[in-house]
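In what follows, a structure is listed as structure tokens, so that the remarks can point back to it.
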Amino acid sequence: MIPINNNVVKKVFKKIREYQKIVVARHVGPDPDAIASTIALRDSIRLTFPEKEVVAVGLGVSKFKYYGILDKIEPEQYQGCLLIVLDVPNINRVDGIDGLAYQEIMKIDHHPAEDIKGPVDWTDETSCSTCQMIAELILKTPLKLDTKIAGNLYLGIVSDSDRFLLSYTTNKTFQVVHDLIRASKLDFTSLYNYLYDRSLDEVKFQGYIAMNMKVTENGLGYLVIPSDIIKEYHVDLATPANLINSFNFIREVTVWTFITEDVKNKVYKVSIRSHGPIINELASKYHGGGHKYASGARITSEEEVESFIKDLDALCEEYKRASISNL
Ligand code: AMP
């Protein structure tokens with residue numbers, strides 16, 4: 001059995017049971033964990049309580065349509081609802097809740113806590129993904145599971161843990177996955193195409209990154225990607241973030257970042273990964289945040305790009321110096 005924080009799981013279930021109207025939301029620019037957890041929780045609540053009105057909101061992403069369709073709502077119809085926020089700790093990054101007069105907010109998330117705090121809050125930084133937490137919730141309460149819900153949760157877990165590679169992967173992750181597969185009889189190997197199917201253009205773009213990434217003597221790998229390059233390779237602004245984990249395990253690189261120009265919104269979208277220094281504190285100085293070793297930021301000028309790269313390199317230098325003196 002999964003050793004989990006039963007108290008908070010019970011409280012989460014009680015809150016769900018209490019409300020007739022429920023809106024489930026997640027962060028802007030969603031990844032598979034955010035999309036899959038939102039749709040899986042909505043579908044499980046619908047299956048368990050058919051009389052409730054429960055929706056999952058936020059902008060749809062066509063390449064994630066396998067997970068399910070998101071709901072378009074009139075916010076007035078959901079006045080006084082319970083808002084469940086998944087995979088995001090800051091209210092200004094929650095997608096699709098403009099004009100929603102909710103009664104209470106409840107967060108379920110694996111990021112470090114920030115400003116969202118409802119009467120019931122389940123934050124577990126040790127969880128590899130929000131999907132792992134939703135799977136725990138469903139497995140430990142009367143919430144129902146079917147094969148589609150299990151498949152969504154499985155893909156969210158596999159994606160956010162980068163195929164069980166990242167350090168957030170624990171024995172509990174494997175326990176949850178084991179219980180999920182056993183309870184749903186999921187044919188999980190048939191699902192990988194939904195996660196890993198990609199175009200030849202994307203593979204070529206990965207080659208472009210490999211050929212052009214600069215690496216400093218302190219072990220910072222970085223690349224500023226102009227919008228022309230995104231166009232030339234027929235990829236989109238989310239592609240660099242999708243590819244960033246593929247640059248793990250490079251001997252010369254401790255921290256790596258892709259800084260992508262978004263001309264339309266006059267911003268640079270930044271993805272950062274580390275297998276050394278903690279990076280989310282630096283990310284928060286650049287309008288970002290995230291996990292200790294996987295963060296994102298938004299930068300608004302070329303000058304800020306320069307200072308961001310300098311700051312990140314200084315962090316790598318400090319880490320390198322400390323590592324050498326510990327030898
Ligand atoms: P990404 O590189 O886009 O995959 O993001 C890595 C992690 O950082 C994820 O957990 C995101 O939710 C988080 N993140 C990305 N961008 C931001 C931002 N602007 N503010 C706060 N957190 C972010």
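Please read all numbers here as calculations on a predicted model, not as lab measurements. Both ligands and their constituent atoms are indexed starting at 1 by order of listing. For reference, positions follow the sequence shown, starting with 1.
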Is it the case that the side chains of T216 and N218 hold a donor-acceptor pair, with the cut-off being a distance below 3.5 Å and no angle test? no

Winner among R93, R298, R273, H111 once heavy atoms are compared against atom 18 (C) of ligand 1: R93

Considering only protein heavy atoms, which is closest to atom 2 (O) of ligand 1, and at what distance to one decimal place? S271 OG, 2.6 Å

What protein heavy atom lies closest to atom 7 (C) of ligand 1? Include the residue and the distance to one decimal. A294 O, 3.4 Å

Under 4.0 Å, heavy-atom basis, I'd like to know which part of K269 is in contact with ligand 1: side chain, backbone, both or neither. neither

Proximal ligand 1 atoms for H291, defined as those under 4.0 Å from one of its heavy atoms: 10 (O)

Please evaluate residues T239 and L237 with respect to the criterion side-chain contact (heavy atoms from CB on, under 4.5 Å), reporting the C-alpha separation (whole Å), side-chain torsions for both, the decisive distance (0.1 Å), and the verdict. CA-CA 6 Å; T239 309; L237 290 167; over 6 Å; no

Is the cationic atom of R163 (NZ for Lys, CZ for Arg) positioned less than 6.0 Å from the six-membered ring centroid of Y196 and within 45 degrees of its normal? yes

Please walk me through it: do I230 and F205 pass side-chain contact (heavy atoms from CB on, under 4.5 Å)? CA-CA 8 Å; I230 297 285; F205 179 64; 4.0 Å; yes

Contacting atoms of ligand 1, where contact means under 4.0 angstrom from a heavy atom of G290: 8 (O), 13 (C), 22 (N)

Decide whether R273 and N245 meet the rule of one side-chain donor and one side-chain acceptor closer than 3.5 Å. yes

Looking at R46 and D71, is any side-chain nitrogen of the basic one under 4.0 Å from a carboxylate oxygen of the acidic one? yes

Under the ring pair (Phe, Tyr, Trp, His ring centres under 6.0 Å) criterion, do Y168 and H110 qualify, and how do the steps go? CA-CA 10 Å; Y168 316 100; H110 70 131; 7.1 Å; no

Starting from atom 19 (N) of ligand 1, what is the nearest protein heavy atom, named by residue and atom, and what distance separates them? H287 O, 3.3 Å

Min over A238, A297, G289 of heavy-atom distance to atom 21 (C) of ligand 1 lands on G289

For atom 15 (C) of ligand 1, closest protein heavy-atom neighbour: G296 CA, 3.4 Å

